[in-house]
Amino acid sequence: MNQENTIKIFKEKNVRTVWDEDKEEWFISIIDVITVLTESKNPQVYWRKLKQRLKEEGNETVTVCHGLKMKASDSKMRLTDVASTEQLFRLIQSIPSPKAEPFKLW
């Protein structure tokens, strides 16, 4: 799998992305999106709870999200949950935020 890691900026916040050349698809860090949309002090906990709630509701979006290594704030490559653009749109619908629409347009 040939990948290219990049960082995009949304309203002065970093959003880590990976272009998968083989699949010709972008994958976006779910934690980064949650950080942008919720401004949560602990986006990992927010994601864990959201993932749990969605699984209980029978939402299959979280079961197809997978982990990829991306550069973390400490500059080390760490495994993080990512979603394709389509999966991300479904997840954003589950996050109450006034920033959701501007983010989708971005």
Side-chain angles (χ1 to χ4, degrees):
M1 181 187 318
N2 190 6
Q3 298 175 345
E4 177 189 333
N5 288 295
T6 61
I7 294 178
K8 310 278 187 203
I9 309 289
F10 177 79
K11 299 210 178 204
E12 300 178 14
K13 302 261 186 192
N14 291 344
V15 178
R16 293 170 292 166
T17 63
V18 173
W19 173 252
D20 185 326
E21 197 172 285
D22 296 338
K23 294 182 181 180
E24 295 185 347
E25 190 169 25
W26 283 103
F27 289 95
I28 301 116
S29 166
I30 295 170
I31 296 296
D32 293 353
V33 173
I34 288 173
T35 301
V36 167
L37 296 181
T38 67
E39 296 185 12
S40 170
K41 293 190 188 289
N42 199 333
Q44 290 85 356
V45 171
Y46 191 102
W47 171 231
R48 220 175 8 255
K49 295 283 187 190
L50 177 62
K51 193 169 16 175
Q52 178 183 5
R53 190 186 85 217
L54 292 172
K55 281 182 183 177
E56 288 169 1
E57 292 173 357
N59 186 319
E60 294 186 24
T61 302
V62 295
T63 59
V64 293
C65 295
H66 60 283
L68 288 176
K69 286 196 173 189
M70 299 179 114
K71 191 177 277 192
S73 58
D74 63 2
S75 296
K76 293 184 180 178
M77 295 300 280
R78 301 205 183 268
L79 200 61
T80 188
D81 285 343
V82 297
S84 68
T85 306
E86 181 182 339
Q87 295 163 340
L88 196 61
F89 280 137
R90 290 186 184 142
L91 288 174
I92 289 171
Q93 292 172 339
S94 303
I95 301 171
S97 171
K99 297 177 184 175
E101 280 307 311
F103 189 85
K104 285 193 242 180
L105 294 172
W106 173 71

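Quick caveat, the model's predicted, so the values are computed rather than measured.
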Note to self: Working note: Val33 + Ile28, criterion side-chain contact (heavy atoms from CB on, under 4.5 Å); need CA distance, chi angles, decisive distance, verdict.
What the structure shows: CA-CA 8 Å; Val33 173; Ile28 301 116; 3.7 Å; yes
Next item on the list: Using side chain to side chain donor-acceptor pair (under 3.5 Å) as the criterion, list what pairs up with Glu86, not counting sequence neighbours.
Entry: Arg90
Checklist line | Glu24, CD atom: more than 12 neighbouring heavy atoms under 6.0 Å | finding: no
Note to self: Given 3.5 Å as the limit, does a donor-acceptor pair link the side chain of Asp32 with the main chain of Arg16, or not?
What the structure shows: yes
Next item on the list: Report yes if the side chains of Asp81 and Lys51 come closer than 4.5 Å at any heavy-atom pair, otherwise no.
Entry: yes
Item checked: Minimum-distance pair of heavy atoms, taken over all atoms of Ile34 and Pro43 -> CG2-CB, 3.9 Å
Checklist line | Distance in Å, Arg78 CZ paired with Met70 CE, rounded so as to fall on 0.5 Å steps | finding: 14.5 Å
Check: If we only count heavy atoms from C-beta on, is the Arg53 to Ser94 side-chain gap below 4.5 Å?
Finding: yes
Checklist line | Atom pair CH2/OG of Trp26 and Ser84 - distance to nearest 0.5 Å | finding: 13.5 Å
Note to self: Going by the rule side chain to side chain donor-acceptor pair (under 3.5 Å), which residues pair with Thr80 if we only count those two or more places apart in sequence or in a different chain?
What the structure shows: none
Check: Would you say Asn42 and Tyr46 make side-chain contact, with heavy atoms under 4.5 Å?
Finding: no
Item checked: Any Leu91 side-chain heavy atom under 4.5 Å of Leu54 side chain -> yes
Next item on the list: Kindly compute the distance separating CD1 (Ile95) from OG (Ser40), expressed to the nearest 0.5 Å.
Entry: 10.5 Å
Check: Which distance, rounded to the nearest 0.5 Å, do you find between the CD1 of Ile92 and the CG of Leu88?
Finding: 4.0 Å
Check: What pair of heavy atoms forms the shortest contact from Asp22 to Asp20, and how long is it?
Finding: N-OD1, 2.9 Å
Next item on the list: Apply side chain to side chain contact (heavy atoms under 4.5 Å, CB included) to Lys41 and list each qualifying residue two or more places apart in sequence or on a separate chain.
Entry: none
Next item on the list: Test Val15 against every option in Thr35, Val36, Ile31 by the side-chain contact (heavy atoms from CB on, under 4.5 Å) rule and name the one that passes.
Entry: Val36
